[in-house]
Amino acid sequence: MSLNQALRYPDIRSFRSDWDHVARGWNEPNIRALSGAGAGDPKKAAAGQIDRHPRTANSEGKAEASAPLSVVRPDLESHRLIPQFRTGDRKFEAGRDLFGIGFDGHTIYNLLDGWVALYTLLEDGRRQIVQFGLPGAVLGILPCEGEQSTFGVQALTDVVVSVIPYSTLVSYNRDDPAMGLRLARLFARDCSLAFSHLTSIGRRSARERVAHLLLELFIRFRAQWPGNRIEEMYLPLTQEQIGDATGLTFVHVNRVLSSLRKERIAEFHYRRLRILNPDKLMDVAGVDPQMAAAWMARSWPKGEQA
């Protein structure tokens with residue numbers, strides 16, 4: 001089975017419409033329009049870099065956000081966990097922490113637009129990116145009351161999140177018991193991704209790790225817009241960040257990306273990822289087509305939301 005068969009598309013075609021729209025990730029320009037002209041720094045947003053020593057604004061591990069957003073684009077609503085709750089919408093600029101290590105879990109963060117990275121830090125400052133969050137992600141629910149988060153979440157692009165107090169989540173869950181099932185499915189998907197990432201770092205070669213990550217992000221991105229047969233995407237990562245996610249040095253990542261480009265499998269240049277041979281990329285990554293199809297699963301199917 002080919003990648004296209006796994007994704008239930010008859011073919012993959014070049015994305016011929018407005019590439020500039022794609023290159024900006026459906027994120028930065030639209031978010032700036034929401035929060036007013038001049039909000040944020042476009043160059044900083046395009047850079048999408050995570051600080052080696054992330055910033056936290058207070059003792060609870062929370063970063064400061066901009067003022068509440070009064071309007072959210074209609075196309076973001078499909079990613080909202082609680083459709084009726086809109087008063088907690090906030091914008092974070094690229095490079096800012098949504099919350100840091102030591103976060104107390106009194107609020108959760110429902111990502112509506114943009115990309116984030118979940119990371120851990122060692123005492124000497126070494127960083128491991130454990131997951132990338134795309135629209136629809138729910139972040140900040142801790143295993144037990146009174147615990148603190150062992151990871152932080154930082155914006156790779158300008159992001160819009162719904163910041164939901166934990167007490168509000170509990171209240172809405174009483175009225176909508178199906179919300180618990182939606183969250184369970186979401187966390188089950190995240191767990192599956194975590195197992196896959198652990199397998200990559202523990203058993204896959206450098207070439208397999210990078211190919212696996214590129215393929216995963218490409219498929220998850222494409223799943224955000226069902227029906228779009230794209231082979232190009234804006235990927236707001238640096239080679240260093242790819243290394244932090246795969247446990248590889250910059251040199252290793254650069255070498256693998258160069259070989260994939262020379263073999264006409266995939267190109268990654270200036271945060272633009274182009275899949276040249278999707279089926280060959282699947283072979284290099286060692287991914288079963290059924291696994292690739294599972295990556296497309298949304299946090300909750302359309303029709304389950306109120």
Side-chain angles (χ1 to χ4, degrees), residues 1-17 19-25 46-50 115 117 128-132 134 156 192-193 195-225 228-296:
M1 182 187 295
S2 69
L3 175 60
N4 293 311
Q5 290 172 322
L7 303 185
R8 299 183 180 89
Y9 293 130
D11 63 340
I12 287 184
R13 304 169 186 170
S14 297
F15 190 74
R16 302 300 184 188
S17 61
W19 164 247
D20 184 58
H21 192 49
V22 177
R24 290 177 292 188
Q49 296 205 15
I50 295 179
W115 289 56
Q128 177 70 46
I129 294 178
V130 296
Q131 180 62 286
F132 293 104
L134 275 63
L156 292 172
S192 178
L193 287 171
F195 288 161
S196 183
H197 297 163
L198 177 62
T199 302
S200 279
I201 292 176
R203 294 299 178 184
R204 292 187 175 104
S205 67
R207 178 178 168 91
E208 290 170 334
R209 292 184 208 180
V210 174
H212 190 277
L213 180 64
L214 295 181
L215 182 64
E216 175 203 316
L217 294 177
F218 167 71
I219 292 175
R220 289 174 61 195
F221 174 85
R222 199 165 94 168
Q224 298 286 328
W225 293 274
N228 282 333
R229 301 182 180 93
I230 61 173
E231 62 185 12
E232 295 177 283
M233 64 174 288
Y234 172 71
L235 184 60
L237 305 180
T238 64
Q239 291 189 24
E240 182 183 15
Q241 290 162 358
I242 292 176
D244 286 344
T246 56
L248 300 171
T249 65
F250 173 87
V251 173
H252 269 87
V253 173
N254 185 269
R255 186 179 299 138
V256 171
L257 292 174
S258 296
S259 69
L260 294 176
R261 182 178 64 252
K262 290 177 181 177
E263 296 172 39
R264 304 294 295 167
I265 297 174
E267 290 180 344
F268 178 64
H269 190 58
Y270 290 113
R271 297 179 178 84
R272 170 177 169 172
L273 174 64
R274 178 178 173 86
I275 307 300
L276 304 173
N277 189 331
D279 296 330
K280 181 63 176 177
L281 184 62
M282 284 185 67
D283 291 340
V284 173
V287 172
D288 181 270
Q290 290 185 342
M291 177 186 293
W295 285 339
M296 292 192 69

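What you see is a predicted model, and the numbers here were worked out from it, not measured in a lab. Counting from 1, the numbers follow the sequence of the chain as shown.
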Side chains of [X] and [Y] in contact at under 4.5 Å (non-hydrogen atoms):
X: Leu235; Y: Arg271; result: no
X: Arg255; Y: Val251; result: yes
X: Gln241; Y: Leu156; result: yes

Drop me the distance from [X]'s [atom1] to [Y]'s [atom2], to the nearest 0.5 angstrom.
X: Leu193; Y: Arg220; atom1: CG; atom2: CZ; value: 5.5 Å
X: Ile275; Y: Arg222; atom1: CD1; atom2: CZ; value: 10.0 Å
X: Ile242; Y: Leu217; atom1: CD1; atom2: CG; value: 8.5 Å
X: Ile265; Y: Leu257; atom1: CD1; atom2: CG; value: 11.5 Å
X: Lys280; Y: Leu260; atom1: NZ; atom2: CG; value: 10.0 Å
X: Leu281; Y: Ile219; atom1: CG; atom2: CD1; value: 8.5 Å

Heavy-atom pair of closest approach, residues [X] and [Y]:
X: Leu213; Y: Ala245; value: CD2-CB, 4.1 Å
X: Ala285; Y: Ala211; value: CB-C, 3.8 Å
X: Leu214; Y: Leu273; value: O-CD2, 4.1 Å
X: Glu240; Y: Phe250; value: N-CD1, 4.2 Å
X: Trp115; Y: Phe221; value: CZ2-CD1, 3.9 Å
X: Ile201; Y: Gln128; value: CD1-NE2, 3.5 Å

For this session: Kindly determine whether Val210 and Phe268 satisfy side-chain contact (heavy atoms from CB on, under 4.5 Å), including the steps that lead there.
Result: CA-CA 11 Å; Val210 174; Phe268 178 64; over 6 Å; no
Problem set entry | Qualifying ring-ring contact (aromatic ring centres under 6.0 Å, His included) pairs with a residue from residues 196-217, counting only residues at least two apart or across chains | His212-Trp295
Exercise. For Leu276, which residues count as a side-chain contact (heavy atoms from CB on, under 4.5 Å) partner, sequence neighbours excluded?
Worked result: Arg264, Glu267, Arg274
Seminar exercise, completed: Here the salt bridge (Lys or Arg N to Asp or Glu O under 4.0 Å) pairs for residues 200-211, sequence neighbours left out, are Arg207-Glu263
